[in-house]
Protein chains: 2
Amino acid sequence: MIFADSREPDRIVEMLKSMGVEVQRKRLSVADYLITYSSYAIAVERKDADDYVNSIADGRLFDQLYRLTRLYELSFICVIGSVDFYRMRRDAFIGSIVSIALKSRGSVVPLWVKDEKDFCLVLKSLNRQVEGGRIKATPRIVKKASIDDSVAMLTAIPGVGVEKAKKLLERFGSVFRVVNATIPELMRVEGIGEKQARRIYDFVRGRRVK
Amino acid sequence: MIFADSREPDRIVEMLKSMGVEVQRKRLSVADYLITYSSYAIAVERKDADDYVNSIADGRLFDQLYRLTRLYELSFICVIGSVDFYRMRRDAFIGSIVSIALKSRGSVVPLWVKDEKDFCLVLKSLNRQVEGGRIKATPRIVKKASIDDSVAMLTAIPGVGVEKAKKLLERFGSVFRVVNATIPELMRVEGIGEKQARRIYDFVRGRRVK
DNA sequence: CCTAGAAAGATATGA
DNA sequence: TCATATCTTTCTAGG
């Protein structure tokens, strides 16, 4: 059974029905479609190409992504139609697709389909496979990642980007040691002078830094 | 750094290099490409559309899929080029794509790209995003005054979102004090239990967190 | 998301 | 030590 959000256009629901899929309207809080079977729920977010491009530019996309990951173990974002590559560069588009998978660590799967017909095929196929119970085929090996979130943490300091964050971690080994370092210690890192060292020192201690 | 299997064609390796990506040849046992950064590894399997169709027919695809899930936490299967829909029905093709994601529960992400140029863009983007250490579904934070940067910094800790970051800062006053807090002290913050407290404590000290 | 270019800072050199 | 030239990195704006 597929639930379609009540704000989704009729034409899609009709198309699904004409394909022999059981669809029911329902008010959904986060996704546009929900495929359920026994205790599984898979969410699908539909995005027209134009809207997708906009939502990247203004950061909306990654909010939605975040909400999806909080609520569902596995969801899909379907981009429909052709992208206007004058509005967004090709590499930026591809980068955003890759980013969805990476940021969500695979729990949100990006799909790019030609048209709404194909989108419906995706839903239909999802529905059938979930019902068929094929979802349990290979158990996912959850070996928690250990990527450097520490780098990301340090880049939040004004004036510290990826390069400096890496160098800081290289020298000090952990965020704890960076945060507890003295100004002269910080200055020993290549690329960090007195000014920068003082900024870091002050920032982590909550003093206003400009 | 990207490792390319030694059997991969030169033209792709060259194309990557011409895009400014560091590539090294290596004999890989399962995937075609490997993107590594610190202890993290992402595998990429390249499949020309024709070969993809064949590999479904003879069952090879799902063997490969299985091996990928066993070895890597996150991998990609890139189908390159247009599919001959006389050899494989459109719905069957879409179904297979969906099936990859479902069976692997998202740990293998299927991507369908136009040509090898786009494939290289995928690799390039993967490489950069992994190196940047920004692999986390953190909500986008609007940077205003410096106080918000502190919140942003704390949200990089796994399991800490905007709400918890704010509460932490409210109680401790600065990133320095949060980082230097003991586990019992951290637990006194509303919404943070022992498990979370320990995670924060361990994370900032550079211990791998589960 | 990606790039380009401006701005800021760090390092090296030489007086 | 200071002034300056060069290089590296960060940040902001725009698509």
Side-chain angles (χ1 to χ4, degrees), chain A residues 45 47-66 77-79 82-104 108-112 151-171 183-203 209-210, chain B residues 16 18-21 76 109 111 113 117-146 148-149 152-153 156:
Chain A
E45 178 80 23
K47 280 239 171 284
D48 287 320
D50 274 349
D51 187 39
Y52 179 80
V53 169
N54 289 334
S55 70
I56 287 169
D58 60 27
R60 228 165 60 235
L61 179 71
F62 292 96
D63 283 349
Q64 290 179 310
L65 187 71
Y66 185 68
I77 289 188
C78 280
V79 181
S82 49
V83 175
D84 180 356
F85 287 114
Y86 291 95
R87 288 187 55 223
M88 169 169 267
R89 301 173 43 148
R90 196 172 189 89
D91 52 1
F93 175 77
I94 290 179
S96 70
I97 293 281
V98 164
S99 173
I100 289 173
L102 274 184
K103 281 194 174 159
S104 72
V108 180
V109 177
L111 291 183
W112 185 21
V151 171
M153 189 165 174
L154 293 177
T155 56
I157 301 172
V160 176
V162 183
E163 294 304 319
K164 276 177 192 147
K166 280 186 190 167
K167 281 180 191 150
L168 283 166
L169 278 174
E170 232 165 75
R171 174 170 293 263
I183 292 177
E185 277 165 0
L186 289 167
M187 283 172 66
R188 301 193 56 198
V189 175
E190 188 197 336
I192 292 181
E194 192 187 334
K195 206 163 173 175
Q196 184 77 66
R198 178 155 277 127
R199 273 175 90 186
I200 294 172
Y201 187 90
D202 285 346
F203 175 80
V209 156
K210 71 131 205 52
Chain B
L16 281 168
S18 77
M19 287 174 171
V21 182
F76 290 78
V109 178
L111 292 183
V113 297
K117 175 93 185 297
D118 277 6
F119 173 68
C120 289
L121 287 177
V122 167
L123 287 178
K124 185 182 177 183
S125 175
L126 265 172
N127 190 42
R128 196 155 55 136
Q129 292 189 44
V130 169
E131 279 195 353
R134 297 169 181 256
I135 306 182
K136 212 194 158 205
T138 42
R140 192 190 170 89
I141 289 159
V142 191
K143 283 193 183 178
K144 286 184 291 185
S146 55
D148 284 341
D149 286 338
M153 189 166 174

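A, B, ... follow the sequence lines: proteins, then strands. Residue 1 opens every chain. Just the heavy atoms: all of them, side chains too, but no hydrogens, waters or symmetry mates, feed the values below.
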Where B:Q129 and A:G95 come nearest, the two heavy atoms and their spacing: NE2-O, 3.0 Å
Shortest non-hydrogen contact from A:K47 toward A:R60: NZ-NH2, 4.5 Å
Whole-Å gap separating P (C:dC1) and CD (A:Q64): 15 Å
Under-4.0 Å side-chain N/O to phosphate OP1/OP2 contact, A:R198 with C:dG9: no
Interatomic distance where NZ belongs to A:K166 and P belongs to D:dT8 [whole Å]: 16 Å
Side-chain N,O (B:K124) to OP1/OP2 (C:dT3) below 4.0 Å: yes
Interatomic distance where CZ belongs to A:R188 and P belongs to C:dA10 [whole Å]: 17 Å
Distance below 4.0 Å between A:K164 side-chain N/O and D:dT9 OP1 or OP2: no
Separation of atom CD in A:E194 from atom P in C:dA10, rounded to whole Å: 9 Å
Closest to side chain of A:K195, choosing from C:dA10, D:dT10, C:dC2: C:dA10
Phosphate-side-chain proximity, A:K167 and D:dT9, N/O vs OP1/OP2 below 4.0 Å: yes
Closest-nucleotide 5' rank along DNA chain C - winner of B:S125 and A:E190: B:S125
Sugar-phosphate, base or nothing in reach of A:I97, heavy atoms under 4.0 Å: nothing
Phosphate OP1/OP2 of D:dT10: any A:Q196 side-chain N/O under 4.0 Å: no
Derivation and outcome, side chain to side chain donor-acceptor pair (under 3.5 Å), residues A:S96 and A:Y52: CA-CA 10 Å; A:S96 70; A:Y52 179 80; 2.8 Å; yes
Nearest-Å distance for atom pair CG/P, residues A:D58 and D:dA13: 16 Å
A:I200 CD1 to D:dT10 P, straight-line distance once rounded to whole Å: 10 Å
Per A:E163 side chain, nearest of listed nucleotides C:dC2, D:dT9, C:dG9: D:dT9
OP1 or OP2 of C:dC2 under 4.0 Å from side-chain N/O of A:S96: no
Phosphate contact (C:dC2 OP1 or OP2) by B:R128 side-chain N/O below 4.0 Å: yes
Whole angstrom value for the distance that separates P of C:dG9 from CD1 of A:I183: 15 Å
Phosphate OP1/OP2 of D:dG14: any A:R87 side-chain N/O under 4.0 Å: no
Test: A:R198 and A:E194 ion pair at under 4.0 Å: yes
Trace of the salt bridge (charged side-chain N to carboxylate O under 4.0 Å, His left out) decision for B:D118 with A:R90: CA-CA 8 Å; B:D118 277 6; A:R90 196 172 189 89; 2.6 Å; yes
Separation of atom CD1 in A:I192 from atom C1' in D:dC7, rounded to whole Å: 16 Å
